[in-house]
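A short worksheet on the structure shown next.
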Amino acid sequence: MDACPWVFSCASLHCRGMTKLTVAIFVHSLEQALSAAAQAAERGADLVEFRIDDFTSDHAALTQLIEQSPLPSIVTCRVSWEGGNYRGNDATRVAAYTAACAGTRKPAYLDVELVAYQKSHELRAGIDALVDHPAQLTTTDTGLILSNHDFDGRPLDLFQRIEVMLASNACRVMKIAWRARSLRDNLEAFGLVNQRHKPTIAMCMGDEGLASRVLSKKFNALLTFVALNPESATAPGQPTVEAMKKLYRWDAINAETRVYGVIGWPVGHSMSPAFHNAGFDATEFNGVYLPMPIPPEYEHFKATVLSWLSFEDLHFRGASVTIPHKQNLLRFVKEREGTIEPLAEKIGAANTLTVNDDGSLHASNTDYAAALDSVCDALSVPRQELAGKRVAVLGAGGAARAIVAAFAHYGATVVIYNRTFDKAEALAKEFNNSPTEQGGKAKVVAARVEKLCDSCCQVYINCTSVGMHPKVDESPVPAESANWETGGPGTVVFDTVYNPMETKLLREAKAAG
Ligand code: ATR
């Protein structure tokens with residue numbers, strides 16, 4: 001454990017590796033706030049932040065709230081011009097903070113906006129009287145958090161603001177929060193926490209800022225904020241305590257944790273974080289896996305991935321890559337002179353970025369292997385015995401490409417059906433006659449969707465997005481073509497859509513036996 005220069009003022013709260021999971025609670029009544037704090041304690045939080053923006057007049061209740069809180073507390077009365085609800089004057093605000101500090105048990109911290117603290121002598125004098133600092137005459141453990149929030153983006157004068165916080169004798173903790181413009185902003189937040197001139201809370205708001213919250217523990221921030229439930233979040237992008245603990249492996253995160261993610265746009269719907277973090281749990285692997293939204297253009301992909309790769313302490317070790325970046329990944333790894341799996345090259349798209357410990361990159365495609373293994377499993381045949389089977393592929397986009405390449409490579413006759421026939425034809429042309437695993441030539445043809453019912457295939461694979469949430473009542477098979485009796489029992493129908501797990505296509509196929 002590092003030496004902790006602030007132990008004189010607040011015992012263990014500032015020591016390395018002790019990032020506090022802090023549940024933010026809007027206070028509406030004493031009972032409601034205490035009950036929320038009890039739930040926070042039950043779910044494993046370390047601290048609570050009582051947001052008293054709307055609860056400043058019942059002083060007796062404020063004193064009781066802090067005295068009876070099951071967890072140490074931060075008290076915050078956030079003004080409206082910095083994202084809060086408080087619209088009153090400084091005198092009323094100071095009186096509320098004073099009431100919160102009036103019991104024998106004090107808050108661990110008071111949070112006040114830097115700008116208000118600088119601007120108002122009345123507020124500054126009132127707050128300074130309540131918190132611990134070198135000129136304080138009375139004894140108190142309560143520390144002052146000076147905070148700065150920007151809901152539009154990174155403040156241009158971020159460093160000037162930090163200088164002021166550093167220079168303030170009363171300021172024990174610096175808190176900086178801004179809306180992330182991209183995943184790259186998280187790195188600046190990690191950098192601020194890493195400097196450790198004073199205990200620091202640095203976080204980015206919004207979907208792009210999730211990493212700054214989850215990885216705050218990796219970088220030894222003082223604390224990170226979480227919500228009790230999705231509706232009670234006090235800032236955009238704040239995860240719930242449950243998501244932080246269970247989904248994002250909060251208890252397992254430390255300075256050495258390796259970071260992975262799913263890169264896509266949009267990516268919020270992806271179940272990959274649930275799969276991979278559960279896998280890390282099961283194998284006790286020191287990793288965490290995050291959603292990584294990156295806008296579609298190659299320049300965004302390149303700049304973001306490069307910045308994450310070059311931030312050494314982040315230990316970014318790889319990503320799953322989904323729509324619309326599968327081709328960007330190939331281009332990027334080629335440019336960085338990494339290695340590319342031969343079949344990914346042939347498919348023209350990759351979905352997995354591996355970052356080796358020496359920093360070298362590898363791109364591969366797991367889509368085709370997953371599809372081959374799933375279908376072979378269902379047919380109870382090895383890959384070699386796909387030769388001679390007829391496989392209908394619905395769709396001619398990126399996902400279809402990997403599946404066409406895979407089944408053609410193992411000698412199946414592949415028939416591509418697509419809404420836009422030309423695209424089906426172009427894809428068929430590209431893979432028809434390509435060499436197969438068995439040393440022959442691949443057979444790939446295009447056909448009209450209306451002809452699907454005549455196709456007599458043993459395998460049907462949906463590679464379109466039709467049937468995906470929220471349009472769950474759609475099927476990629478036109479009503480007039482849904483004649484599954486041609487296949488009957490033994491026919492394998494495989495949907496690459498997994499949300500919902502059972503699509504309309506699968507329901508109808510099942511009903512037809
Ligand atoms: P992915 O990488 O997931 O394959 P894509 O490259 O955009 O995404 O391809 C989407 C596929 O779904 C295409 O084959 C598309 O058909 P078109 O080529 O005619 O656009 C197909 N698709 C999407 N929406 C569809 C719809 N409503 N009906 C039929 N096909 C659809």
Side-chain angles (χ1 to χ4, degrees), residues 262-272 293-298 301 319-332 343-353 363-372 374-375 391-408 414-431 444-453 455 457 460-482 493-500 503-506 508-509:
V262 51
I263 296 175
W265 186 270
V267 81
H269 67 283
S270 172
M271 283 163 76
S272 290
I294 301 181
E297 297 75 22
Y298 179 66
F301 181 90
S320 315
V321 177
T322 184
I323 300 165
H325 288 300
K326 290 185 180 185
Q327 276 142 341
N328 287 342
L329 172 60
L330 270 194
R331 182 175 160 189
F332 178 73
L343 201 51
E345 178 87 79
K346 186 170 167 186
I347 293 163
N351 73 345
T352 305
L353 168 68
S364 56
N365 194 317
T366 62
D367 283 340
Y368 80 88
L372 280 173
S374 306
V375 168
V391 176
V393 171
L394 285 73
R401 215 182 146 74
I403 284 176
V404 168
F407 285 86
V414 179
V415 193
I416 307 171
Y417 298 87
N418 193 46
R419 176 178 61 181
T420 313
F421 181 70
D422 292 355
K423 275 165 75 180
E425 240 183 348
L427 187 59
K429 216 167 155 190
E430 197 178 322
F431 286 99
V444 185
V445 295
R448 304 268 170 196
V449 179
E450 310 80 68
K451 300 282 183 199
L452 189 61
C453 60
S455 66
C457 289
Y460 294 80
I461 305 177
N462 174 35
C463 300
T464 75
S465 51
V466 182
M468 195 193 301
H469 178 83
K471 295 184 176 170
V472 296
D473 290 327
E474 293 180 3
S475 163
V477 177
E480 66 276 16
S481 293
V493 181
F494 173 39
D495 205 330
T496 62
V497 172
Y498 64 72
N499 182 8
T503 55
K504 184 179 181 197
L505 170 72
L506 294 184
E508 289 183 348

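For ligands, and for the atoms within them, numbers begin at 1 and follow the listed sequence.
Atoms of ligand 1 lying under 4.0 Å from at least one heavy atom of A396, given by number and element, are 14 (O). Below 4.0 Å from some heavy atom of G398 lie the following atoms of ligand 1, by number and element: 1 (P), 2 (O), 4 (O), 6 (O). Residue K423 has at least one heavy-atom neighbour below 4.0 Å for each of these atoms of ligand 1: 17 (P), 18 (O), 20 (O). Contact atoms of ligand 1 toward A399: 1 (P), 2 (O), 4 (O) (distance under 4.0 Å to a heavy atom of the residue). Interface of G395 with ligand 1, defined as ligand atoms under 4.0 Å from a residue heavy atom, comprises 14 (O).
With a 4.0 Å cut-off on non-hydrogen atoms, T420 touches ligand 1 through its backbone as well as its side chain. Counting heavy atoms under 4.0 Å from ligand 1, residue T464 touches it through both backbone and side chain.
Side-chain N or O atoms of H325 include one that pairs as donor or acceptor with a backbone N or O of P295 at under 3.5 Å. Although no hydrogens or angles enter the test, the distance criterion places no donor-acceptor pair under 3.5 Å between the side chain of D495 and the main chain of K504.
Residues K326 and D367 meet the side-chain proximity criterion, which asks for heavy atoms closer than 4.5 Å. Contact annotation: the side chain of L329 never approaches that of N351 to less than 4.5 Å [non-hydrogen atoms, C-beta and beyond]. With contacts defined as side-chain heavy-atom distances shorter than 4.5 Å, the pair K346/F431 qualifies. Residues K471 and V466 have side chains not in contact (no heavy-atom distance under 4.5 Å, counting atoms from C-beta outward).
With P476 as the fixed residue, the side chain to side chain contact (heavy atoms under 4.5 Å, CB included) test singles out one of V449, N418, N462: N462.
Looking only at heavy atoms of the protein, atom 3 (O) of ligand 1 is closest to I323 CD1, 3.2 Å. Of all protein heavy atoms, the one closest to atom 10 (C) of ligand 1 is G397 CA, 4.5 Å.
Atom 15 (C) of ligand 1 has its nearest heavy-atom neighbour, among V449, N418, T496, in N418. Compare R419, E474, M468 by their heavy atoms: the one nearest to atom 26 (C) of ligand 1 is in R419.
Distance check for atom 7 (O) of ligand 1: every protein heavy atom is found at 4.0 Å or beyond.
Counting non-hydrogen atoms of neighbouring residues, nucleotides and ligands closer than 6.0 angstrom, the NE2 atom of H269 exceeds 12 such neighbours.
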